[in-house]
Amino acid sequence: MTERVVIVGAGQAGGRLAAILRKQGWEGGITLLGDEFDPPYERPPLSKEVLADDADPLVGRLFPDTFYQEQEIALLLARSAASLDPVAKRIQVGHENLDYGTLVLATGARARRLACEGADLPGIFLLRNTEDARGLRPRLQPGAHVVLIGGGFIGLEGAASARKRGCMVTVLEAQPQLLGRVADPAVAEVIQNLHRAKGVEIRCGAQLEAFEGHGRLQAVRLTDGTRIPAEIAVVGIGAVPNQELAVAAGIDCDNGIVVDAATRTSAPDVLAIGDVTAQSHAWLGARVRLESWENAELQAQAAANTILGRPAAAVGAPWFWTDQFDLNLQILGGRCPHDRVVSRGNPADGPWCHFFLKDERIVTACLGNAGRERRAVKQLMDSRAPVEPAALADPGTSLRSLVPKA
Ligand SMILES: Cc1cc2nc3c(=O)[nH]c(=O)nc-3n(C[C@H](O)[C@H](O)[C@H](O)COP(=O)(O)OP(=O)(O)OC[C@H]3O[C@@H](n4cnc5c(N)ncnc54)[C@H](O)[C@@H]3O)c2cc1C
């Protein structure tokens, strides 16, 4: 058996796994293969400081360039895995075959594209990688008309960044509210009010029909006939898992590569981690595909545990954050059914929290500029302990004091 771990996808999850394996004692070979030109990096800054300020697009790089050689990690960039044979335990990369002892699919997700008329006009961008950010940033000139298609995190962060650069910004959201997949209407309203106050035009219930222009983008047309002038459009309508390798190899996929808590797929010695996975999530009690920084970190550690023969760690409430203008929003849990909403603080005058409770337990928490409460809220949610709504609502009661003692 080849004692080599081959990781396909040199993004956040893949890069982190390679490093954890070395740090935690894996002595076999490690190959980290990625189809981008850049070494592994974290993506969150791309829609924030990289677009809004002039941060280096690789500000989120995981490790210095010398790290991989020092750690004896064979980093192969700008190379794509074309196929996978789980019986022969081999992947094909160009004209070469790479044998593995354990294969880890960390291929992430790609930005979903639009297929409407004019969708290939110059001036239309996606925002997934450093190349996208490098192409988009110089186009965000003061006074430029920028339309963000999609009122999710990428669209709203892109809107905030473009506005900070002095662009005239419109967000188009097809659903009746922003952030429909993840946030309650009350939280979506706070975000909408913030954007409007900063001069972003928000149009919910807006159905895009076509991009218009001669040789370059000039306008966006809606199904109701409205024409919005635009030199730049950014399409942020969600992401599609890069699961094709797994599908072609006969591995179970269902909007992502299906994995268990130990990141095992349906094929022996093939694991999968990060945005590409559909995992049975013990805390949520459902199969979900999580696209978040935290999930990439946790599944990288979970895969390392499996490879090193250690048990899987317990999984708690998922966590995600977004930064838009001067708002830092942290969301814990999922958009689960709830029977009570408790508010603590007020968005108009400082940090605030909205807690969504089901049977006296917090199932979702949204923290606005209240990041220092995240640890306590997460512990409270992970414990699944019942909470007293009056105590939650009272800013005079420390949230930490509500966490049950271990
Ligand atoms: C602009 C942006 C902002 C974000 N902001 C936040 C945030 O604020 N908070 C948060 O929690 N999360 C945020 N996220 C989400 C977070 O970045 C992702 O969840 C995380 O990057 C997932 O890591 P991953 O390794 O699974 O996937 P990726 O980082 O996408 O890495 C997958 C890699 O695999 C490569 N690949 C795919 N197929 C192949 C193949 N066949 N062969 C070789 N290589 C292949 C891909 O090109 C890519 O380089 C953001 C994402 C984006 C795009």
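Both counts, for ligands and for their atoms, begin at 1 and track the order of listing.
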Is there any N or O on [X] that sits under 3.5 Å from an N or O of ligand 1?
| X | answer |
| --- | --- |
| Leu245 | no |
| Trp321 | yes |
| Ala13 | yes |
| Asp275 | yes |

Distance from [atom] to nearest protein heavy atom, with residue and atom:
| atom | value |
| --- | --- |
| atom 6 (C) of ligand 1 | Pro44 CG, 3.6 Å |
| atom 47 (O) of ligand 1 | Asp35 OD1, 2.5 Å |
| atom 27 (O) of ligand 1 | Gly108 CA, 3.4 Å |
| atom 20 (C) of ligand 1 | Gln12 OE1, 3.6 Å |
| atom 31 (O) of ligand 1 | Gly11 CA, 3.3 Å |
| atom 5 (N) of ligand 1 | Lys48 NZ, 3.1 Å |
| atom 11 (O) of ligand 1 | Trp293 N, 3.0 Å |
| atom 51 (C) of ligand 1 | Arg43 CB, 3.9 Å |

Give the intermediate values and the outcome of salt bridge (charged side-chain N to carboxylate O under 4.0 Å, His left out) for residues Arg165 and Asp54. CA-CA 10 Å; Arg165 293 187 92 92; Asp54 283 323; 2.9 Å; yes
Regarding [X] and [Y], is there a side-chain donor-to-acceptor distance under 3.5 Å anywhere?
| X | Y | answer |
| --- | --- | --- |
| Gln12 | Glu297 | yes |
| Asn328 | Asp323 | yes |
| Thr223 | Glu209 | no |
| Arg181 | Gln175 | no |
| Glu157 | Ser47 | yes |
| Asn295 | Glu291 | no |

Can you tell me if Arg79 has a non-hydrogen atom under 4.0 Å from ligand 1?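 Arg79 counts as a contact of ligand 1 under the 4.0 Å cut-off.
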For ligand 1, note which part of [X] has a heavy atom under 4.0 Å away: side chain, backbone, both or neither.
| X | result |
| --- | --- |
| Asn242 | side chain |
| Asp323 | neither |
| Ile154 | side chain |

Arg374 to Trp319, cation-pi by 6.0 Å centre distance and 45° axis angle: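 So Arg374 does make the cation-pi contact.
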Kindly determine whether Asp99 and Lys89 satisfy salt bridge (charged side-chain N to carboxylate O under 4.0 Å, His left out), including the steps that lead there. CA-CA 6 Å; Asp99 293 330; Lys89 299 184 69 172; over 6 Å; no
